[in-house]
Amino acid sequence: MAAPRRTVIENCAVATVDAHDTEYADGHVVVAGNRIESVGPGRAPEGLENVTRRVDGSGHLVTPGLVNTHHHFYQWITRGLATDHNLFDWLVALYPTWARIDEEMVHAAAQGSLAMMARGGVTLAADHHYVFPRGSGDLSGAIVRAARETGVRLTLARGSMDRGESDGGLPPDFAVESLDAALAATEATIDEHHDPSSDAMTQIAVAPCSPFSVSTELMRQGAELARRKGVRLHTHGSETVEEEKFCHELFGMGPTDYFESTGWLGEDVWMAHCVHMNDSDIDAFARTRTGVAHCPSSNARLAAGIARVPDMLAAGVPVGLGVDGTASNESGELHTELRNALLVNRLGPHREKALNARRALRLGTHGGATVLGRAADTGSLEPGKLADLVLWKMDTLAHASIADPVAALVLGAAAPVTLSLVGGEPVVENGRLLNVDEDAVARSTRTQARRLARIAAGD
């Protein structure tokens with residue numbers, strides 16, 4: 001058999017984010033086919049066959065691709081609205097607009113979200129999509145198609161809501177599904193799009209939206225569906241003090257106890273936010289290996305609070321980073337979350353000991369891959385793992401005077417991406433997307449944002 005095509009990257013700093021946080025001040029990475037073949041100090045081994053590309057990484061840092069564990073792609077076309085609201089008021093303000101999205105809008109918004117993340121070093125992203133207005137078309141298919149076009153790995157968390165305003169929920173009644181319809185559509189999405197293989201580009205999770213927009217029966221049956229189909233589970237949890245109060249009033253218990261009572265704690269589950277967690281909650285997550293998507297920028301934007309990330313990590317809770325929807329994090333890229341995870345958590349009780357630059361990078365790479373159930377194949381630079389990696393340019397004005405490249409990447413301005421590979425295939429080169437025209441995507445998102453605004457206004 002012919003030798004696989006090889007890409008050799010050398011003369012660069014390497015942060016592997018492996019179990020030992022191995023780093024090389026001057027090292028190399030060899031990619032063979034869609035997997036990493038070798039990582040180490042100095043130049044690549046001599047005599048490699050079928051080397052189709054050599055990259056001189058002088059002045060660069062190579063890391064695993066960034067992993068975004070929580071997003072709402074559709075919100076790309078409703079950015080900049082309700083900017084001074086808390087979560088519940090923000091949802092009430094925006095649900096009437098979101099309830100009018102359709103397939104064309106969702107495809108454009110997903111392209112915009114994915115393009116921004118990919119250009120900033122994301123190679124695997126989770127989208128929690130839970131708004132399925134009647135007659136809106138194939139929204140899940142639109143999201144999967146956009147990810148395929150961009151070249152980024154996708155975990156589509158097929159969300160659902162069945163508790164509308166008339167049942168005490170926040171979303172308008174016409175924006176929710178029935179229990180049976182939500183479960184049937186979720187199962188159909190799994191059957192059509194989920195790839196369980198180790199090199200999958202698309203995987204599906206079962207993801208009822210939140211305790212205040214979903215019935216207890218949808219939570220219970222959603223968990224049963226996910227485990228019957230062998231996929232992961234995702235929802236929002238413990239995001240605000242209002243949610244805590246809501247759960248106590250409606251269920252007679254806090255969010256974590258409610259989740260446990262409905263089968264929603266376990267190593268196949270990850271929750272978004274988890275801002276308001278007491279010691280008992282953290283212990284429950286650690287005991288069950290339930291994961292957390294930490295979204296510091298969105299939590300700050302919506303005045304939700306500071307999640308106890310250092311305490312979660314100390315207890316053994318798996319934690320990754322999330323952009324969250326761009327209606328509450330308008331930048332839409334993950335570097336902001338690396339930086340803000342470190343800075344925001346240092347405002348908490350642990351102060352300067354809360355996180356450091358390398359722990360932040362781990363959250364955004366290996367931590368995220370763990371939360372999404374993909375750490376066996378991505379999230380670190382190790383032989384045999386998928387070649388999902390990013391080469392960051394660190395010798396420009398923004399970073400050149402910082403001796404430590406990892407500190408420069410995390411604490412400095414967003415670094416330019418010279419090369420991003422997903423499964424060994426280039427997705428970004430010299431800061432530009434290769435698979436989609438980002439200028440065309442920008443025009444499309446602007447057009448669809450204006451169209452949605454007109455429809456929501458009744459024009």
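- With hydrogens and angles left out, the side-chain atoms of Thr150 and Asn435 include no donor and acceptor closer than 3.5 Å.
- In this structure, the separation between CE on Met201 and CD on Glu425 is 9.5 Å, given to the nearest 0.5 Å.
- In summary, the side chains of Thr63 and Trp392 do present a donor paired with an acceptor at a separation below 3.5 Å, with no hydrogens or angles considered.
- Judged by the 6.0 Å distance and 45° axis criteria, Arg158 is not positioned over the aromatic ring of Tyr130.
- Here Leu218 contributes atom CG and Ser178 contributes atom OG; the two are 9.5 Å apart, rounded to the nearest 0.5 Å.
- Applying the side-chain contact (heavy atoms from CB on, under 4.5 Å) rule to Ala142 yields the partners Glu103, Val106, His107, Arg145; only residues at least two apart in sequence or on another chain are considered.
- With hydrogens and angles left out, the side-chain atoms of Asn340 and Thr336 include no donor and acceptor closer than 3.5 Å.
- When Arg362, Arg358, Arg359 are each tested for a salt bridge (charged side-chain N to carboxylate O under 4.0 Å, His left out) with Asp21, only one passes: Arg362.
- Residues Lys229 and Asp191 are paired through a salt bridge, judged by an N-O separation under 4.0 Å between the basic side chain and the carboxylate.
- Residue pairs meeting the salt bridge (charged side-chain N to carboxylate O under 4.0 Å, His left out) criterion with at least one partner in residues 331-344, sequence neighbours excluded, are absent.
- Side-chain contact of Asn299 with Ser297: a donor-acceptor pair under 3.5 Å is absent, judged by distance alone.
- Looking at Lys385 and Thr378, their side chains never bring a donor and an acceptor atom within 3.5 Å of each other.
- Side-chain N or O atoms of Asn345 include none that pairs as donor or acceptor with a backbone N or O of Leu355 at under 3.5 Å.
- For Arg79 and Trp76, the positive end sits near the middle of the six-membered ring, less than 6.0 Å away and at most 45° from its axis.
- His70 and Asp127 are not linked by any side-chain donor-acceptor pair at a separation below 3.5 angstrom, with hydrogens and angles left out of the test.
- Pairing each heavy atom of Asp281 with each of Met277, the nearest pair is OD2-CA, 3.6 Å.
- Residue Glu382 holds its CD atom at 3.5 Å from OG of Ser380, rounded to the nearest 0.5 Å.
- A side-chain donor from one of Thr78 and Trp98 sits under 3.5 Å from a side-chain acceptor of the other.
- Taking 4.5 Å as the limit, some side-chain heavy atom of Arg451 sits within range of a side-chain heavy atom of Glu104.
- Rounded to the nearest 0.5 angstrom, Arg35 CZ and Ser198 OG are separated by 4.5 Å.
- Put simply, CD1 on Ile190 and CZ on Arg228 are 8.0 Å apart, with the number rounded to the nearest 0.5 Å.
- Under the 3.5 Å distance criterion, with hydrogens and angles disregarded, a donor-acceptor pair is assigned to the side chains of Ser213 and Ser210.
- A salt bridge does not link Arg153 to Asp377: none of the charged side-chain nitrogens sits closer than 4.0 Å to a carboxylate oxygen.
- In this structure, CG in Asp324 is found 9.0 Å from CG in Asn68, a value given to the nearest 0.5 Å.
- With a 4.5 Å cut-off on side-chain heavy atoms, Leu338 and Leu363 do not count as touching.
- Residue Glu267 places its CD atom among 12 or fewer non-hydrogen atoms of other residues, nucleotides or ligands, all under 6.0 Å distant.
- Side-chain contact of Ser215 with Asp162: a donor-acceptor pair under 3.5 Å is present, judged by distance alone.
- Glu37 has its side chain out of reach of Val31: every pair of non-hydrogen atoms, C-beta onward, lies at least 4.5 Å apart.
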